[in-house]
Amino acid sequence: MSNNASINGGVGSGISHDSTKKHANGTAVYVDDIRVPENALHLYAFPSPHAHAEITAMDLSEVESADGVALVLTADDITGMNDVSPTHSGDDPLLADGKVMFQGQAIFAVAADSLNQARAAAQLAKISFKPLPAILSINEALAQDSFVFTPQVMAQGDAEGELKNAKNTLSGKLNIGGQDHFYLEGQASLVIPQEDGDVLVHCSTQHPSEVQTHVAQVLGVERNAVTVEVRRMGGGFGGKETQASPWAALAAMTAQKTGRPAKMRLVRDDDMIMTGKRHPFQISYEVGFDDAGIVTALDMTLVSDCGHSLDLSRAINDRALFHADNCYYIPNMRVTGLKCRTNKVSNTAFRGFGAPQGMMAIEEVMDQVAQKLGKDPLAVRQANLYNASNNTTHYGMVVEDNVAPEIIAQLKTASNYDKRRAEIEEFNANNEFVKKGIALTPLKFGISFTTKFLNQAGALIHIYADGSVQLNHGGTEMGQGLFTKVAQIVANTLNIDLEHIKITATNTGKVPNTSPTAASSGTDMNGMAAKLAAEKLIDRLRQFAIEHYGVAEGDVKFLPNRVKVGKQTFSFKEFVNAAYMERIQLSATGFYATPKINFDPETGKGRPFLYFSYGASVSEVEVDTLTGEAEVVRVDILHDVGRSLNPTIDLGQIEGGFIQGVGWLTNEELFWNDDGALATHAPSTYKIPTMGDRPDIFNITLFDNENMEDTVYKSKAVGEPPFMLAISTYRAIWQVTKGNLDAPATPEAILKACGEPS
Amino acid sequence: MSDTTQNIKFLLGEEEVTIELNDASTCNMTVLEFLREKKHLKGTKEGCGEGDCGACTVVVVEEIGDDLYYSAVNSCIQFLPTLDGKQLLSVEHVQDHPAISALVDNNASQCGFCTPGFTMSLVAMYENGSDSISDDLAGNLCRCTGYGPIINAAESMGTGATDDPENNPDLVARLKALKQNKSNPDTGSYFAPTSIAELAETYASNPDATLLAGGTDVGLWVTKQHKLLEKIIYLGNVVELKTISETDDYITIGAGVTYSQAIDIINKNYPDYGEIIRRTGAKQVRNVGTIGGNIANGSPIGDSPPVLIALGAHIVLRCGDKTRELPIESFFIDYGKQDIAAGEFITSIVIPKNQPLKAYKISKRNDQDISAVLGAFSIAVNDGVVSHARIAYGGMAGTPKRATACEKALVGNSFDMATVTSAMQAMESDFTPLSDMRASASYRMNVAKNLLKKCYLEMGGA
Ligand SMILES: Cc1cc2nc3c(=O)[nH]c(=O)nc-3n(C[C@H](O)[C@H](O)[C@H](O)COP(=O)(O)OP(=O)(O)OC[C@H]3O[C@@H](n4cnc5c(N)ncnc54)[C@H](O)[C@@H]3O)c2cc1C
Ligand code: FES
Ligand code: FES
């Protein structure tokens with residue numbers, strides 16, 4: 001053992017996700033895999049067949065007496081509050097009470113011996129509705145002033161005045177579709193009744209504390225009676241942040257009333273119909289610019305379709321506004337956010353949380369300006385970038401860590417952008433109906449929850465007397481590798497091999513009052529909290545050494561897996577055991593609150609983010625202009641994760657996020673029938689990317705950088721930003737159609753933009 | 001009915017399992033439900049319950065003529081009794097397989113929910129080899145990884161050769177023994193005839209039964225529409241329906257032949273049809289799904305019918321001991337209505353050889369998607385003049401249908417842009433397509449017209 005040998009699995013090593021083996025061999029346990037006792041009940045919620053209606057009569061007697069049915073739940077059976085709204089807006093009833101607001105809203109729930117029995121029984125319900133006029137589109141909502149919240153404006157300079165003075169102006173609109181999360185594992189909760197009417201909730205959720213809150217609220221008990229545990233999710237992407245609690249609450253009610261374990265798992269169609277999605281947006285803008293393509297003034301409105309309730313729509317629409325500048329300095333800018341209430345399922349968090357739509361808006365503007373001037377769109381983008389002197393955003397935050405210009409320059413060279421653009425022009429001139437397009441788009445994504453109080457995290461670390469460690473924190477594992485990264489951080493801080501650190505399920509009984517694992521902040525916050533906890537333990541152990549062995553502080557060294565005290569060297573295990581024998585506390589909590597951040601919605605100004613993550617991508621596409629079919633043939637990405645905690649995991653996030661973004665902007669089309677029913681509620685009709693959609697040439701490189709801010713080991717967040725790299729794919733298709741292209745760019749949308757057959 | 005006919009027997013991994021088919025609900029049980037709920041084997045996941053995500057992929061091993069065949073199959077829409085005489089492998093049975101280490105070594109999972117399904121698709125690929133990784137894995141969706149590491153895993157895994165029976169003589173023997181005792185169940189709810197005569201007789205006396213071929217349509221009636229099929233006649237054991245034959249002029253494909261079995265001969269004769277089949281479902285669907293089922297299902301958006309219509313194919317039907325043959329286009333009468341009598345079934349599809357063919361499938365996603373429009377063109381040009389045109393579309397009407405006005409506008413006229421333009425125009429009198437979630441009526445019409453133009457341009461027109 002040499003002194004400079006380092007530990008296994010520390011920060012910066014590209015080790016595998018902790019569960020990879022269990023994933024591949026099928027032994028990783030998800031909620032639906034937990035073995036339930038024979039007497040467990042299974043729930044089904046009956047979905048509203050109307051988008052907007054009064055319930056005039058409801059007779060559930062046949063449901064109650066059907067085979068296998070143990071319990072039927074309606075709004076009247078709720079002992080606590082009939083609300084599961086995440087921001088306590090009171091507009092998300094768990095079960096409809098006299099009125100339905102969207103097709104798919106749960107009206108009542110049935111608990112039976114099997115899911116099939118519960119579903120079959122539910123069909124026996126006799127419900128009379130009085131249909132009411134339904135608002136089913138953004139335009140209808142705007143016409144009727146139907147909003148879930150007040151408008152938000154963010155502005156700097158004088159957009160209105162400078163539009164009048166501008167050399168050139170343009171205005172336009174863009175429609176952007178929503179997106180279903182399509183986590184492979186649907187929503188699932190299993191509730192095991194405990195003593196005193198308490199409940200243990202196994203739930204597939206990104207936000208155990210909110211599930212705990214909602215379950216307690218619905219049951220009418222204090223939160224200490226509800227324990228929520230999450231080992232892993234089969235994907236989340238934002239869809240299990242606020243959308244997990246209704247099913248947990250229904251199962252908890254069942255467990256409480258029957259004393260039997262109760263499971264509620266949404267099958268795919270029910271999941272897609274009953275849970276919220278990414279917000280569709282309608283963008284309109286007026287832009288002023290000079291002959292060089294420098295944008296001098298921009299007035300933009302971002303309207304989101306929030307569905308029937310507020311949910312997180314305020315913060316989502318705000319984040320769209322915060323990202324409507326992307327990487328560009330616009331001296332006179334006004335951006336207004338409107339949040340429409342429609343009779344659809346309530347839209348919710350989804351990777352990027354509004355930022356993708358905001359960036360789509362400004363990138364549309366950049367291409368329109370370039371097209372108007374006949375310039376290379378990349379040149380226009382570069383001319384408008386934030387720089388050292390022009391670095392204040394429309395919400396007043398100074399961009400201090402700007403690496404976008406460098407990233408773009410590097411990527412432009414590495415991807416041979418200029419040469420390929422010329423080749424494409426030639427190809428297009430020589431091909432009748434197959435056309436190619438290329439586009440480079442950058443991204444700048446603000447890291448922190450814009451809701452300030454959420455920027456807190458806790459961790460709990462135990463060191464056992466044999467030197468092994470148990471790690472727990474408030475973050476949840478949905479595939480993003482959070483557990484692995486936090487364990488690496490703890491390994492580094494304690495300077496012991498990763499294999500001694502046991503990762504444990506997130507549990508509200510261990511770390512309380514947690515924030516959702518969202519906003520890409522999982523590692524930043526929980527990693528920091530865990531690091532602080534580990535540092536406390538190290539401090540205590542150091543103090544113990546000083547006192548017990550009578551050495552100076554400088555004589556205690558935590559070497560890899562060993563501790564050197566004066567001239568003696570102990571294994572970590574021996575040393576920890578010695579500390580234990582001397583009655584040293586070997587358990588510690590850590591707590592982190594993100595510094596520096598603030599934002600005032602009244603003025604629309606502040607510093608909502610601790611820092612920004614950057615990246616850029618180049619996409620090349622091939623479009624059949626007779627059919628509208630498009631293929632992404634090559635993608636090059638350069639992305640900034642600061643000092644990578646784990647390059648393997650970070651590259652995985654970049655690639656997966658990018659492909660998910662390509663799905664959003666190409667084939668993932670949500671289609672609603674005229675009566676407000678979602679027609680695309682299964683993979684047969686809703687097409688997420690499959691393997692063949694991955695570009696054949698796909699180069700991803702990490703940008704060499706470190707976080708200016710004091711983040712955990714100088715890393716940057718990586719969960720959401722890469723999603724927005726996919727905007728280059730959409731822009732490349734747009735280079736072929738030259739305008740009129742709604743997102744998603746399905747073959748139909750592309751052909752429409754290409755024009756009628758002749 | 002003797003006792004043995006009440007049971008099916010198969011190998012679950014190494015364990016011999018006997019299932020009593022004592023009621024319709026057992027006969028309707030999916031393999032996924034059996035694994036997860038009856039056997040508590042939770043490694044196989046449900047992601048959709050309709051054959052479209054691959055999370056539930058298992059491998060079914062069959063012994064045919066001393067050879068072992070490994071097929072990846074979607075357990076969520078496969079009925080349990082169809083396993084009779086076969087081996088079922090779920091992820092629990094392949095714990096030491098190189099597929100698993102390949103996935104692990106390449107960091108091919110994030111949330112891991114899709115991963116056991118990929119493991120099983122890789123197991124099948126390992127046994128069969130792979131011509132195209134993305135073809136073989138298109139039926140496995142992953143929402144997390146972007147697929148790169150999974151492709152790396154597939155590339156690095158290599159292939160084995162256990163389908164060479166010499167490597168696994170024990171399994172061949174066990175499956176053979178199982179098959180010798182194979183029950184040919186006849187329980188009143190589930191029938192599995194082994195000869196065409198027996199099928200004809202069984203169906204004639206149970207005309208209310210549901211014929212089950214690959215179950216890639218029928219399975220969804222149970223898992224999505226929540227129907228209970230009271231009587232099932234399984235076609236998978238009927239030897240005559242599983243044959244392919246070829247003469248100088250015709251290819252004859254048994255109605256029970258799967259896409260995977262048919263694709264080689266079709267590719268050889270009609271590469272464009274081969275490409276349509278490559279894009280019909282994905283591997284798990286093609287391993288069980290049949291052209292016979294595709295036709296009999298009568299859907300206006302089935303992929304094979306328009307191609308077969310353009311080629312002038314016939315189908316052979318049998319009812320009791322009567323057989324008849326009819327041009328495939330006459331089979332489709334109206335939406336949901338086909339020319340087939342109670343107790344009648346399709347025995348084979350007869351495809352003429354050496355016809356010109358171009359075919360295009362238009363869907364939102366390239367792989368494993370249902371067509372918005374499918375256009376099939378059999379156009380011959382003689383001295384610059386169109387001498388033959390059979391054009392058929394899917395997705396444009398309530399049935400797969402010929403574009404007769406369009407054909408008329410072509411035949412006898414010089415094959416130039418002016419003719420093609422008027423033929424494109426003529427399509428408006430052939431079709432009044434509908435709007436739905438796959439495409440709007442106007443897109444369908446526009447793309448249908450453009451496909452003719454594309455066909456013309458690709459045939460060398462300018
Ligand atoms: C995920 C998925 C993807 C799919 N993708 C496509 C696609 O891309 N293109 C496409 O066209 N289809 C697609 N399908 C539909 C389906 O796979 C095809 O229609 C397939 O060919 C059906 O064949 P099968 O053997 O599975 O039929 P089954 O489901 O067994 O039967 C279908 C119907 O035909 C009847 N039938 C079967 N055989 C006979 C016979 N010999 N005589 C009389 N009646 C018979 C059955 O009673 C039933 O009514 C897809 C299905 C799934 C689940
Ligand atoms: S569960 Fe999706 S294919 Fe079977
Ligand atoms: S790893 Fe999550 S779906 Fe594939």
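Note on naming: letters A, B, ... go to the chains in the order of the sequence lines (proteins, then strands), and numbering restarts at 1 for each one. These figures come from a predicted structure and were not determined experimentally. Heavy atoms only: backbone and side chains are in, while hydrogens, waters and symmetry mates are out.
A:Arg35 contributes no side-chain N or O that, together with a main-chain N or O of B:His40, makes up a donor-acceptor pair within less than 3.5 Å. Side chain of A:Thr690 to backbone of B:Ala138: a donor-acceptor contact under 3.5 angstrom is found. In this structure a side-chain-to-backbone donor-acceptor pair under 3.5 Å is present from B:Arg143 to A:His181.
Within the 4.5 angstrom heavy-atom criterion, no atom of B:Arg444 approaches chain A. Contacts of A:Asp33 with chain B are made by both backbone and side-chain atoms, with heavy-atom separations under 4.5 Å. Residue contact with chain A, scored on non-hydrogen atoms closer than 4.5 Å, involves the backbone of B:Asp436 exclusively. In this structure, the portions of A:Ala682 lying under 4.5 Å from any heavy atom of chain B include both its backbone and its side chain. For A:Thr627, the parts lying under 4.5 angstrom from a heavy atom of chain B are both the backbone and the side chain. With a 4.5 Å cut-off on non-hydrogen atoms, B:Lys454 touches chain A through its backbone and its side chain both. Of the two parts of A:Leu626, the backbone and the side chain both hold a non-hydrogen atom closer than 4.5 Å to a non-hydrogen atom of chain B. Looking at A:Glu629, the atoms closer than 4.5 Å to chain B (heavy atoms on both sides) all sit in the side chain, from C-beta outward. With a 4.5 Å cut-off on non-hydrogen atoms, A:Phe182 touches chain B through its backbone and its side chain both. With a 4.5 angstrom heavy-atom cutoff, B:Ser363 touches chain A only via backbone atoms. Interface residue B:Glu46: backbone and side-chain heavy atoms are both found under 4.5 Å from chain A. Within the 4.5 angstrom heavy-atom criterion, atoms from both the backbone and the side chain of B:Ala439 approach chain A. In this structure, chain A has no heavy atom under 4.5 Å from any part of B:Tyr360. For A:Leu751, the part sitting under 4.5 Å from any heavy atom of chain B is the side chain, from C-beta outward, and nothing else. Proximity to chain A is absent for every atom of B:Leu41, based on heavy atoms less than 4.5 angstrom apart.
Of all non-hydrogen atoms in A:Tyr30 and B:Gly112, the two that sit nearest each other are OH-C, 3.0 Å. Scanning all heavy atoms of the two residues, the minimum distance from B:Pro116 to A:Gly26 falls at CG-CA, 4.0 Å. Closest approach of B:Lys364 to A:Thr685, counting heavy atoms only: NZ-O, 4.3 Å. The two residues A:Ala24 and B:Val104 make their nearest non-hydrogen contact at CB-CG2, 4.1 Å. The nearest pair of heavy atoms linking B:Asp369 to A:Ser684 is OD1-O, 4.0 Å.
For the set A:Val29, A:Thr666, A:Asp624, the count of heavy-atom pairs under 4.5 angstrom toward chain B peaks at A:Asp624. Across B:Ser109, B:Ser90, B:Ala99, the residue that shares the most heavy-atom pairs under 4.5 angstrom with chain A is B:Ser109. For the set A:Thr680, A:Asp269, A:Leu670, the count of heavy-atom pairs under 4.5 angstrom toward chain B peaks at A:Asp269. Highest contact tally toward chain B, considering only A:Met233, A:Met272, A:Arg265, is held by A:Arg265 [criterion: heavy-atom pairs under 4.5 Å]. Per-residue heavy-atom pair counts under 4.5 Å with chain A were compared for B:Ile362, B:Asn446, B:Val447, and the maximum is reached by B:Asn446. Of the listed residues (B:Thr44, B:Leu451, B:Val91), the one with the most heavy-atom contacts under 4.5 Å to chain A is B:Val91. If you tally non-hydrogen atom pairs under 4.5 Å between each of A:His17, A:Lys21, A:Arg119 and chain B, the highest count goes to A:Arg119. When each of B:Ile100, B:Val94, B:Val420 is scored by its heavy-atom pairs under 4.5 Å with chain A, the top score falls to B:Ile100. Between chain B and the options A:Ile659, A:Ile700, A:Thr20, heavy-atom pairs under 4.5 Å are most frequent for A:Thr20. Chain A forms the most heavy-atom pairs under 4.5 Å with one residue out of B:Gln95, B:Met445, B:Lys449, B:His97, and that residue is B:Gln95. Among the candidates A:Phe658, A:Phe237, A:Trp672, A:Phe698, the residue making the largest number of heavy-atom pairs closer than 4.5 Å to chain B is A:Phe237.
Taking the charged nitrogens against the carboxylate oxygens, B:Asp367 and A:Lys687 have no contact shorter than 4.0 Å, which rules out a salt bridge.
Contact check for B:Leu141 versus A:Pro683: side-chain heavy atoms found under the 4.5 Å cut-off. Between B:Phe113 and A:Met478 the shortest side-chain heavy-atom distance does not fall below 4.5 Å. Put simply, the side chain of A:Phe433 reaches to within 4.5 Å of the side chain of B:Glu458, judged on heavy atoms. Using a 4.5 Å heavy-atom threshold, the side chains of B:Gln110 and A:Gln653 count as touching. Contact check for A:Glu185 versus B:Cys111: no side-chain heavy atoms found under the 4.5 Å cut-off.
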> Which is it for A:Met691 and B:Asp135 under the side-chain contact (heavy atoms from CB on, under 4.5 Å) test, yes or no, and what are the steps along the way?
Replying inline: CA-CA 8 Å; A:Met691 191 173 276; B:Asp135 270 357; over 6 Å; no
>> For a side-chain contact (heavy atoms from CB on, under 4.5 Å) check, start with the C-alpha distance between B:Cys53 and A:Leu184, then their side-chain angles and the critical distance, and finish with the verdict.
In response: CA-CA 8 Å; B:Cys53 78; A:Leu184 260 277; 4.2 Å; yes
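Residues satisfying the side chain to side chain donor-acceptor pair (under 3.5 Å) criterion with A:Ser114, sequence neighbours excluded, are absent altogether. Scored by the side chain to side chain donor-acceptor pair (under 3.5 Å) test, B:Tyr147 finds no partners at all (sequence neighbours excluded).
Note that NE2 of A:His23 is 9.5 Å distant from NZ of B:Lys45, once rounded to the nearest 0.5 Å. Here A:Gln660 contributes atom CD and B:Cys144 contributes atom SG; the two are 7.5 Å apart, rounded to the nearest 0.5 Å. For the atom pair B:Glu50 CD and A:Arg268 CZ, the distance stands at 9.5 Å (nearest 0.5 Å). Here the CG-CD1 distance, from B:Asn107 to A:Ile649, works out to 8.0 Å after rounding to the nearest 0.5 Å. Residue B:Lys42 holds its NZ atom at 6.0 Å from CG of A:Asp32, rounded to the nearest 0.5 Å. Between B:Arg438 atom CZ and A:Glu669 atom CD the span is 11.5 Å, to the nearest 0.5 Å.
Between the side chains of B:Ser440 and A:Glu748, at least one donor-acceptor pair of N or O atoms lies under 3.5 Å.
Shown here is B:Asp96, whose CG atom has no more than 12 heavy atoms of other residues, nucleotides or ligands within 6.0 Å. Within a 6.0 Å sphere centred on CD of A:Glu38, other residues, nucleotides and ligands contribute 12 heavy atoms or fewer. Heavy atoms from other residues, nucleotides or ligands lying under 6.0 Å from CG of A:Asp675 number more than 12.
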